[in-house]
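Numbering starts at 1 and runs along the sequence shown. Just follow the structure's listing: the first ligand is 1, and inside any ligand the first atom is 1.
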Amino acid sequence: MVELLQSLASRLTTKLPSNLDSLGQLALNFWWSWTPEGVAIFRDIDVSAWEQCQHNPIQFLSMSEEKLAQLATQPAYLERLRSVAAKFDSYMQSSHSTWAKQTAPEITPQQPVAYFSVEFGLHQTLHIYAGGLGILAGDHLKSASDLGLPMVGVGLLYRQGYFQQQLDASGWQQETYPEQDLETLPLELVRDSSGEPLKIKVTMCDRSVTVQAWRVRVGRVNLYLLDTGLEDNQKRDRQITNRLYQANDNVRIAQEMVLGIGGVRLLQHLGLDPKIYHLNESNAAFTLLEVARQLVHRGEPFERVKTVVQQRCVFTTHTPVLAGHQTFSIDLMTEYFANYWQQLGLTKDQFLALGASEQQDTEEKFSMTALALRLSKAANGVSQLNGGVNRQMWSPLYPQEIEPAPIGAITNGVHAGTWTAPSISELYAQYLDKDWTKRMSDRHLWENVNNIPDAEIWQRHQQLKEDLIAHVRTWVKQTRQRRGEDPQAIEECDRLFDPNVLTIGLARRFSSYKRGDLIFREPQRALQILSNSAQPVQIIFAGKAHPADDKSKQIIQNLIEWTRRPELHQRIIFLEDYDILIAKKLVQGVDLWLNTPLRPQEASGTSGQKVCFNGGINCSILDGWWREAYQQGADSKGVNGWAIGEDCSLDDSEAQAQKDAESLYDLLTREIVPLFYDRTSPELPDRWIAMMKASIKTAIPRFNTDRMVMEYVHQMYLSTANNAAPI
Ligand SMILES: *Cc1c(COP(=O)(O)O)cnc(C)c1O
């Protein structure tokens, strides 16, 4: 830590006054980002500079020299800082009394759970995520830290991230790839015992690629990010870890080798002997091969090794469509692994058989999911429905088993501290329990939400909505200025949106199955709802399409056309470059969250869960998590939100879309809009607020990552876990 602080000090352009040293310490651990006092201790120094640097404390400390000099002389601020620093120290040191220490003593700092993922969404300033898979991984690490579960994360440091999204004048997505400024990120280069940067070699084809690693502190958990961007490598190898989710399979296979093979070697160098390797999605599955190779190297035959690997590895699968499961061609596998299979004691055919899958075998492919299923002791989908779909889909892999395949289900959640607005968290602290985040899964606790006065929860919600709208105005203005739109359009931004209007949010990765424009399927009906001036509706869209996915870019372009229809008076807007910051503002500020995927393709979905933590209400297809959360009353109306369509699917996706769109229009016109505008007293929508409370009460105790990580511990990580038998 001392070394890290020195390295931080050398990076800051200003020197921190010595009595503000602990600000530097806080800046180097993402703990601050999910602790309201941690955020406030930075933000309150200079709110506008804080916004300007996207809440990046390292950059911020460099920008705020004068303010810092002033603060160093203010006893009140110093006292606050001392108290936050003490809270941080006590969090870091309380590992002996945690849930995990009592429940899972076999998982120790030397024998932790190693969590492998190609993306991690921890904070908007660290661009190593694309969407839900990464947010899930980030929230998983944060809850593991809160629960005191010894865990290390392993991922990749993408120097250019995923991509930055801008839309051109025609609404077509443009991608740019700015380099991340590593100096302003809380990254610490991992060094060996002699103080030199630790270097790991991974052989690919006939090349030896050098990999270094960066440490990121996530509370008590360390995340290691592997990086090939060093001088030792040829240019093409330096670029392996440049960008997330490139279309080129040569790059992907190389990335996945760095992650899986390099990651296992890194942990070994660090002296860690993971009790469990947890693969978040199959693109981390080469991990299994390297765990096996190291055992074979010690002289065990592969067949015996296989059993040992299975005992130590667990696998989470997300994709409910066969085509979405990653494969590599046999040629590519042969090219990249020619040096590897002998080291496993296998012939080429035996090696390739590890990735064989009848279902995906259209033209001789190596299936990463088949590999992961074969070498793991347990696998799970991320919602009950998703687990079931995967169980069906992969049953042919298990000829001896009675169908279906042994794939369980652990439904995703979200991390409370990260996603709950501080003002709402305060309400829970006041009316439920000061330490509500430690008792989240206690359903009785949530009954007390009824004690929160309607006026109070509504007033805080309105405040968050106003804050969202203020941000929307700034963001849209920046976009219009960049595009050089006419001065009137730019000036209008200051009046965009009305905090008294029903505000709907829809934000997620754009991908055809998510059907982000379903609400516009019947233009006339959509217009009727959206142009109603007596009971108006406004909608905020955001989301990126994969650079190679033109179909989804067309969906975005279609949305942009809608934002420009004059009869809608700018009640629809699209925010560019969806990220964690935009997500936070949206889930904390909207009234209603809309989700319209083609069932059963939404593995779980988590953004709707974030909305519940803040008292927002969901209107969604009965897919993923919402199918488990949605509750219906005796009148068959929703108690805690609304369900679009039914708990079943048609085979014809067009017919399904038509049916779903009609269901959505009915809900909006007959229930949602009237309920929002039904005011018994002039200001308060009583029945709407009752539904907000139902949303909070029914969702939070279940759809949080503390509950989720606890389920992983009991069902997957512990040696006593009652897993399904591996193949
Ligand atoms: C939560 C989140 C997601 C995932 O949302 P889904 O509902 O699963 O689509 C994606 N991107 C960002 C930035 C998020 O915060």
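When heavy-atom distances to ligand 1 are checked against a 4.0 Å cut-off, Trp593 has no atom that comes that close, whether in backbone or side chain.
In this structure, atom 11 (N) of ligand 1 lies nearest to the protein heavy atom Tyr578 CE2, 3.4 Å. What sits closest to atom 8 (O) of ligand 1 on the protein, heavy atoms only, is Thr606 N, 3.1 Å. Closest protein heavy atom to atom 4 (C) of ligand 1: Gly132 CA, 3.4 Å. Regarding atom 14 (C) of ligand 1, its nearest protein heavy-atom neighbour is Lys610 NZ, 3.0 Å.
Between Asp660 and Arg515, at least one side-chain N (NZ, or NE/NH1/NH2) sits under 4.0 Å from a carboxylate O, which counts as a salt bridge. The existence of a salt bridge linking Glu426 and Arg460 is confirmed by a sub-4.0 Å separation between a basic side-chain nitrogen and an acidic carboxylate oxygen.
Proximity of Trp625 to ligand 1 is not established, as no heavy-atom distance is less than 4.0 Å.
Interface of Gly131 with ligand 1, defined as ligand atoms under 4.0 Å from a residue heavy atom, comprises 10 (C), 11 (N). Of all atoms in ligand 1, numbered sequentially from 1 with element shown, those under 4.0 Å from a heavy atom of Asp579 are 13 (C). Ligand-side atoms of ligand 1 in range of Ser607: 5 (O), 6 (P), 7 (O), range being under 4.0 angstrom from any heavy atom. In the vicinity of Arg508, heavy-atom distances shorter than 4.0 Å reach the ligand 1 atoms 7 (O), 9 (O).
Taking the centre and axis of the six-membered ring of Phe163, the NZ or CZ atom of Arg243 falls outside the cone set by 45° and 6.0 Å.
The shortest N/O to N/O separation between Lys514 and ligand 1 falls below 3.5 Å. No N or O atom of Glu602 sits closer than 3.5 Å to an N or O atom of ligand 1.
The aromatic ring centres of Trp436 and Trp446 sit less than 6.0 Å apart.
Among Gln174, Glu175, Gln173, Glu576, the single residue meeting the side chain to side chain donor-acceptor pair (under 3.5 Å) criterion with Gln165 is Gln173.
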Open item on the list: Apply side chain to side chain donor-acceptor pair (under 3.5 Å) to residues Trp625 and Gln609 and explain how you reach the verdict.
Closed with: CA-CA 8 Å; Trp625 80 282; Gln609 302 173 346; 5.9 Å; no
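Distance CD1/Ile621 to CD/Gln601: 11.5 Å, rounded to 0.5 Å.
At least one side-chain heavy atom of Trp394 sits less than 4.5 Å from a side-chain heavy atom of His325.
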